[in-house]
Amino acid sequence: MFGSVSNSGGLGPDYTTPTEWLRGQGRCSDVVMSSRVRLARNLAAHRFVPQADRTQRAQVLSLCRRAVERVGPLRWVDVHTAQEFERRLLVERQLMSRQHARGKLAGGIGGPDEPRGLAVSLPDERLSIMVNEEDHLRIQVMRSGLGLADALAAADAADDMLEEELEYAFSPRFGYLTACPTNVGTGARFSVMMHLPGLKLLGDIDKVRRAAEDMSLAVRGFFGEGSEAVGDLFQISNQTTLGKTEQVLLHEMEAEIIPRVIDYERHARRMLVEKRRMTTLDRVYRALGTLRHARLISTDEAMELLSLVRLGVLTQLIPAADIKPINALLLFVQQAHLQQIVGRELTQQERRSERARILRERLADVG
Amino acid sequence: MLCECGREATIHETVIINGKAIEKHLCEECAGKSGLGAQVHAPLHELVSSFVKAISPAEPAQLSCSVCGLTYAKFKQTGLLGCAHCYAAFEEKLGPLIERAHEGATHHVGKIPRRALERSRQGGPGRLESLLGSAEERRVRLEALQRQLHEAVQAEHYEQAASLRDEIRKLDELNGGET
């Protein structure tokens, strides 16, 4: 059954507009799509999510919900009772993880009915708080472009407000205690989503992977852990969370690794424009041509081609006034957003044709 | 390994009663009460306890958390812990594991829950210790930070050095506040 999630106006969510990570603003937004800080927190006197039964999870959920209300006027979603369709929209907007949508933890613990929640700041969707994901609380702050410091400040403030109400699990030796010991210490994960079509075309992505791994940073795909880097979108994040302060972790990312990758990518784009101009021109226009004329198209193909068009526009090979409509399409070609825009449930075949139609319409004026 | 009182056991003793060897695992305080305290720092005791550790089976099958009941075997299977106490219950085994996962780091530096810290400062040294750890732990942490500061200066990462200096100053202040 399909229930289109209504745009109730005022404080309601609007799922037909882009979200923070697609705004195309902020520092270095030609390469950096978005920056995200995530803090993992647990309550002291309660079992962690993996070892809690349904009653205990429900209890934590209501405690956390009350605390979340102190943070500000956030929209609350009971994820366990939300429609499958809305869960998908929230994942596509990167407001919660795929794991939270499914409700399943590592080792097959849990299921879709386990009590869990999500709070989202509206209308900007910059702050979201997952309750009963792998940890009791996952505070996430998103910023368009390169802005980890700003995101950390906001996450830190939300964390303090939550702690006014809640007693956190903390040890002097291991810091903030988390369900998975790989997150202990600061519990802070910094991620930067980068669009790297230049490096991809030159076959130099492995250079980034190696550089990141040398600094023990992880390189992941579009939807985080275990996902493919569709559309040449890569997430770079820290793996260690213990033994370094938040500021040091942040600095290692924002002042050391990320600027280097940005330089690599910009250099690659210059190479493509100056030394391989005709080939690159051909590639980006073929991509635009396909998107403007295809009658059936899958999400992955659309993402790959949009990536090339984005490269074309940013290098001014394709004249276009604004990058934002192209960014927005990265979201609108996703399964749930596509159906939200069309306004009804679609079969897979229908999705392929509706996706093609929307791309034709929205790219009509580009190039 | 935990003491009968629930705290981390630091004294491991094998006593012979009626010809039977009985293992005891106690924290410093309980060891003191039971009369073991006097021998605590004797080198001989160290020798005996490390010998006992060396010959005891490497993996007690039923190692579990006394608060949430999670077994270590289950943790090994899922990689997820069951409650805050699991960190103490499995500390001996988790310690090296965590160290490997975090590039050799053994101690937390960085944010401390703000409100808990404020309350502890008003509530006396015992409570502050529950957030900052023992004198030894504080020393380890300060040393780690000073090492990082030195490296940051060497590498001319001055912003990072400044934030480390602030962190060291904050910890110094907190330490001073207690004594």
Side-chain angles (χ1 to χ4, degrees), chain A residues 39 41-52 56 105-109 134-135 156 159-188 216 239-252 254-256, chain B residues 65 67-70 74-75 77-88 90-91 94-95 97-99 101-117 128-134 137-138 140-141 144-145 148-149 152 155 157 159-164 166-167 170:
Chain A
L39 302 176
R41 300 289 186 253
N42 284 284
L43 309 192
H46 295 264
R47 287 186 177 194
F48 292 168
V49 182
Q51 188 74 352
Q56 290 162 330
L105 304 177
I109 303 167
E134 186 179 284
D135 294 297
D156 195 41
D159 180 42
D160 286 344
M161 282 187 263
L162 289 169
E163 203 232 334
E164 289 286 325
E165 281 281 313
L166 304 166
E167 195 80 37
Y168 282 158
F170 182 88
S171 102
R173 177 169 174 196
F174 295 126
Y176 290 93
L177 302 178
T178 49
C180 181
T182 54
N183 296 323
V184 286
T186 56
S216 63
Q239 283 186 296
T240 63
T241 51
L242 183 74
K244 288 173 183 168
T245 67
E246 290 83 352
Q247 291 299 330
V248 169
L249 287 168
L250 182 144
H251 190 272
E252 284 182 351
E254 188 154 312
E256 292 173 36
Chain B
C65 172
V67 172
C68 74
L70 181 80
K74 178 86 185 290
F75 163 69
Q77 192 193 318
T78 63
L80 299 172
L81 293 163
C83 71
H85 186 73
C86 289
Y87 278 93
F90 305 141
E91 187 163 6
L94 277 179
L97 213 73
I98 288 174
E99 207 175 315
H102 296 275
E103 299 185 290
T106 56
H107 282 72
H108 170 61
V109 292
K111 189 169 183 178
I112 296 167
R114 194 155 300 162
R115 185 182 56 104
L117 190 61
L128 199 55
E129 192 159 312
S130 75
L131 290 171
L132 295 176
S134 60
E137 276 177 311
R138 294 178 207 199
V140 171
R141 188 179 301 130
L145 282 170
Q148 286 179 29
L149 173 61
H157 293 154
E159 250 178 85
Q160 192 172 344
S163 91
L164 283 163
D166 292 346
E167 185 72 17
K170 186 183 90 190

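Sequence lines set the chain letters: A, B, ... in the order given, protein chains first and strands last, and positions in each chain run from 1.
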Report yes if the side chains of E164(A) and R114(B) come closer than 4.5 Å at any heavy-atom pair, otherwise no.
no

Measuring heavy-atom distances to chain A, does V67(B) have an atom under 4.5 Å in its side chain, in its backbone, in both, or in neither?
backbone

For the side chain of R173(A) and the backbone of G95(B), is there at least one donor-acceptor N/O pair under 3.5 Å apart?
no

What residues, two or more places apart in sequence or in another chain, satisfy side-chain hydrogen bond (donor to acceptor under 3.5 Å, both in side chains) together with D135(A)?
N42(A), R138(A)

Can you tell me if CD on E159(B) sees more than 12 non-hydrogen neighbours from other groups inside 6.0 Å?
no

Ranked by heavy-atom pairs below 4.5 Å to chain B, first place among G175(A), A179(A), A188(A) goes to A179(A)

Closest heavy-atom pair and its distance - P50(A), L81(B):
CG-O, 3.9 Å

Mind ranking G133(B), C68(B), G104(B) by heavy-atom pairs under 4.5 Å with chain A and telling me who comes out on top?
C68(B)

Top of A169(A), G185(A), G187(A), A44(A) for chain B proximity - count of heavy-atom pairs under 4.5 angstrom:
G185(A)

Contacting region of I109(A) [heavy-atom separation from chain B under 4.5 Å]
side chain

Select, from A105(B), C83(B), G69(B), C86(B), the one with the greatest count of heavy-atom pairs under 4.5 Å involving chain A.
C83(B)

Which one of D160(A), T186(A), L250(A) has the most heavy-atom pairs closer than 4.5 Å to chain B?
D160(A)

Interchain contact, L70(B) with chain A, by part (heavy-atom threshold 4.5 Å)
both

Between Y87(B) and T178(A), the two heavy atoms sitting closest are OH-O, 2.5 Å

Top contributor to chain A interface from A152(B), G79(B), A101(B) [non-hydrogen pairs under 4.5 Å]:
G79(B)

K111(B) backbone acceptor or donor facing E246(A) side chain under 3.5 Å:
yes

Non-neighbouring partners of Y168(A) that pass side-chain hydrogen bond (donor to acceptor under 3.5 Å, both in side chains), sequence neighbours left out:
D159(A)

Ignoring hydrogens, what is the shortest heavy-atom contact between L131(B) and F170(A)? Give both atom names and the distance.
O-CE2, 3.3 Å

Below 4.5 Å from any heavy atom of chain A, which atoms of Q160(B) appear? Answer side chain, backbone, both or neither.
both

Please report the C-alpha distance between L145(B) and T245(A) in whole Å, then the side-chain angles of each, then the deciding distance to 0.1 Å, and finally whether the side-chain contact (heavy atoms from CB on, under 4.5 Å) criterion is met.
CA-CA 9 Å; L145(B) 282 170; T245(A) 67; 4.1 Å; yes

Residue, of K74(B), R141(B), H157(B), that accumulates the most heavy atom pairs under 4.5 Å with chain A
H157(B)

So, do P113(B) and R41(A) sit near enough that their side-chain heavy atoms are less than 4.5 Å apart?
no

Steps toward salt bridge (charged side-chain N to carboxylate O under 4.0 Å, His left out) verdict (E103(B), K244(A))
CA-CA 11 Å; E103(B) 299 185 290; K244(A) 288 173 183 168; 3.5 Å; yes

At a 4.5 Å cut-off on heavy atoms, which part of E137(B) comes close to chain A: side chain, backbone, both, or neither?
side chain

Assert top hit (heavy-atom pairs under 4.5 Å, partner chain B, pool G108(A), P181(A), S171(A)) equals P181(A)

Kindly give the heavy-atom pair with the smallest separation between Q247(A) and S163(B), and that separation in Å.
CB-OG, 3.4 Å

At what distance, to the nearest 0.5 angstrom, does CG of L166(A) lie from CZ of R115(B)?
8.0 Å

Report which part of L80(B) has an atom under 4.5 Å of a heavy atom belonging to chain A: side chain, backbone, both, or neither.
both

Heavy atoms only: give me the nearest L242(A)-T106(B) pair and the separation to one decimal.
CD2-C, 4.0 Å

Against chain B, label L162(A) side chain, backbone, both or neither, depending on which of its atoms sit under 4.5 Å from a heavy atom there.
neither

Of all heavy-atom pairs between A106(A) and T78(B), which one has the smallest distance, and what is that distance?
CB-O, 3.8 Å

